[in-house]
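Okay, so here's the structure we're looking at.
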Amino acid sequence: MSSLAAILSDPAYHDYLAILKGARNGFVYGVKVRFPHALIMAILFGRGSWKARVQTIFRATKQHALNLAKFVSLYKTLLLIQRKSNHGTQRGVDTFIAGLISGYFVFGDRNAVNEQIVLYVCSRVVASFIPRATTPYAMASTASSAVKPIPPDARKFSIFAALCWGTVMWLFAERGETIQPGMFHSMNYLYRDSEHWSNLWTLLWHNK
């Protein structure tokens, strides 16, 4: 046990153990995020037997968790390789290169889970370009642990929200085939199914 403790605390092994810990955290986070989402979707919108729904939940959760574990470990590995090749110094472009390669190999396969994750990431990238609100602290270095996320400027966010909703509602009405399937089905449930009912039961309690 003492030798194991020595290895865990030895700086020489830190970067390699961080890759292992990153894979672990990626897997756990993937389960925490995907399982409740897949469970709710299976209960509310699932089709087929409950056995088939449970299998769908398991597959989606497994894929999300494993992909996050693969991405984090590959990303950290590529950063380490680049850092070692640059005499122990990490350059700003290293994170982009590592993310680019890891994203291609882990999330490049188009399937429902990967598409949802990529679209989520894309939305956060786009939203990051909204002008930020004023902040009481300086942002001298984005790598500093003292840096905190700054919320968007309220007025600019209102404009961004309006543009997003105006665009997606136009797409739904005019080019629905281009919308991600999960969102399309949700929008169809909200805006089209709500136009039809046959009695009080299907008006207030059951959709169809």
Side-chain angles (χ1 to χ4, degrees), residues 17-82 94-130 149 152 160-161 163-165 167-194 207-208:
L17 293 174
I19 294 173
L20 178 63
K21 179 66 179 292
R24 178 266 177 197
N25 284 7
F27 185 87
V28 171
Y29 186 79
V31 171
K32 288 182 177 180
V33 170
R34 177 58 57 172
F35 177 75
H37 175 269
L39 178 64
I40 295 300
M41 293 300 291
I43 293 174
L44 295 180
F45 303 108
R47 298 176 181 177
S49 66
W50 280 105
K51 180 180 179 180
R53 297 188 195 190
V54 169
Q55 291 174 339
T56 299
I57 295 170
F58 175 78
R59 283 195 302 268
T61 303
K62 177 183 176 182
Q63 183 180 7
H64 195 145
L66 287 177
N67 278 7
L68 277 183
K70 292 175 184 176
F71 181 87
V72 175
S73 56
L74 180 56
Y75 173 78
K76 282 178 168 287
T77 299
L78 291 173
L79 278 184
L80 179 59
I81 292 173
Q82 292 179 95
D94 289 350
T95 54
F96 176 78
I97 294 173
L100 188 77
I101 296 173
S102 302
Y104 179 82
F105 284 105
V106 177
F107 294 108
D109 182 27
R110 200 208 71 78
N111 54 61
V113 173
N114 282 357
E115 189 173 352
Q116 289 173 0
I117 294 173
V118 170
L119 289 176
Y120 173 85
V121 172
C122 179
S123 69
R124 295 316 189 255
V125 172
V126 173
S128 73
F129 290 99
I130 304 173
F160 176 72
L163 289 172
C164 286
W165 278 102
T167 303
V168 79
M169 297 311 298
W170 179 84
L171 286 172
F172 180 63
E174 304 296 334
R175 297 187 58 201
E177 72 278 3
T178 65
I179 297 178
Q180 191 267 343
M183 186 171 191
F184 177 84
H185 292 312
S186 298
M187 294 180 75
N188 200 58
Y189 180 85
L190 292 170
Y191 305 111
R192 289 181 179 161
D193 287 358
S194 60
N207 184 45
K208 292 182 179 179

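For residues 57-72, no pair satisfies salt bridge (charged side-chain N to carboxylate O under 4.0 Å, His left out), with sequence neighbours left out. For residues 38-50, there are no salt bridge (charged side-chain N to carboxylate O under 4.0 Å, His left out) pairs, not counting sequence neighbours. Screening residues 104-116 for salt bridge (charged side-chain N to carboxylate O under 4.0 Å, His left out) gives Arg110-Glu115 as the qualifying pairs, with residues at least two apart or on separate chains.
Judged as a ring-ring contact (aromatic ring centres under 6.0 Å, His included), and not counting sequence neighbours, Phe35 has no contacts. Remark: Gln116 engages Arg34 in a side chain to side chain donor-acceptor pair (under 3.5 Å) (not counting sequence neighbours). With sequence neighbours excluded, no residue forms a ring-ring contact (aromatic ring centres under 6.0 Å, His included) with Phe27. With sequence neighbours excluded, the residues that form a ring-ring contact (aromatic ring centres under 6.0 Å, His included) with Phe184 are Phe172. Annotation: side chain to side chain donor-acceptor pair (under 3.5 Å) contacts of Arg175 (sequence neighbours excluded): none. Legend: residues meeting side chain to side chain donor-acceptor pair (under 3.5 Å) with His185, ordered by chain and number and at least two apart, are absent. Listed by chain and number, the residues in a side chain to side chain donor-acceptor pair (under 3.5 Å) with Asn188 amount to none (sequence neighbours excluded). In this view, Phe105 satisfies the ring-ring contact (aromatic ring centres under 6.0 Å, His included) rule with no residue, not counting sequence neighbours.
Among all heavy-atom pairs drawn from Ser102 and Leu78, the shortest one is OG-CD1, 3.6 Å. Nearest approach of Val168 to Met187, heavy atoms of both residues: O-CE, 3.9 Å. The shortest heavy-atom contact between Gln180 and Leu119 is CG-CD1, 3.2 Å. In terms of heavy-atom proximity, Arg192 sits nearest to Ala173 at NH2-CA, 4.3 Å. Taking both residues in full, the closest heavy atoms of Ser73 and Ala23 are given as CB-CB, 4.0 Å, listed atom of the first, atom of the second, then distance. Residues Gly26 and Val72 come closest through the heavy atom pair CA-CG2, 4.4 Å.
Put simply, CZ on Arg53 and CD1 on Ile57 are 9.0 Å apart, with the number rounded to the nearest 0.5 Å. Between the OG1 atom in Thr56 and the CG atom in Leu39 there is a gap of 12.0 Å [rounded to 0.5 Å]. A distance of 5.5 Å separates CG in Asn114 from CD1 in Ile117, rounded to the nearest 0.5 Å. Rounding to the nearest 0.5 angstrom, the gap separating the CD1 atom in Ile19 from the OG1 atom in Thr77 is 3.5 Å. Ile101 contributes atom CD1, which lies 9.0 Å from atom CD1 of Ile81 (distance to the nearest 0.5 angstrom).
Counting heavy-atom neighbours within 6.0 Å of Trp165 CH2, excluding the residue itself, gives a total of 12 or less.
Between Arg24 and Val28, some side-chain heavy-atom pair lies under the 4.5 Å cut-off. Phe107 places a side-chain heavy atom less than 4.5 Å from the side chain of Leu68. Considering only heavy atoms from C-beta on, Leu80 stays 4.5 Å or farther from Lys76 through its side chain.
The aromatic rings of Tyr189 and Phe45 sit perpendicular, their planes meeting at an angle over 60°, well past the 30° parallel limit.
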Distance-only donor-acceptor hits, side chain of residues 120-127, under 3.5 Å, sequence neighbours excluded:
residue : atom : partner : partner atom : Å
Ser123  : OG   : Tyr120  : O            : 2.6

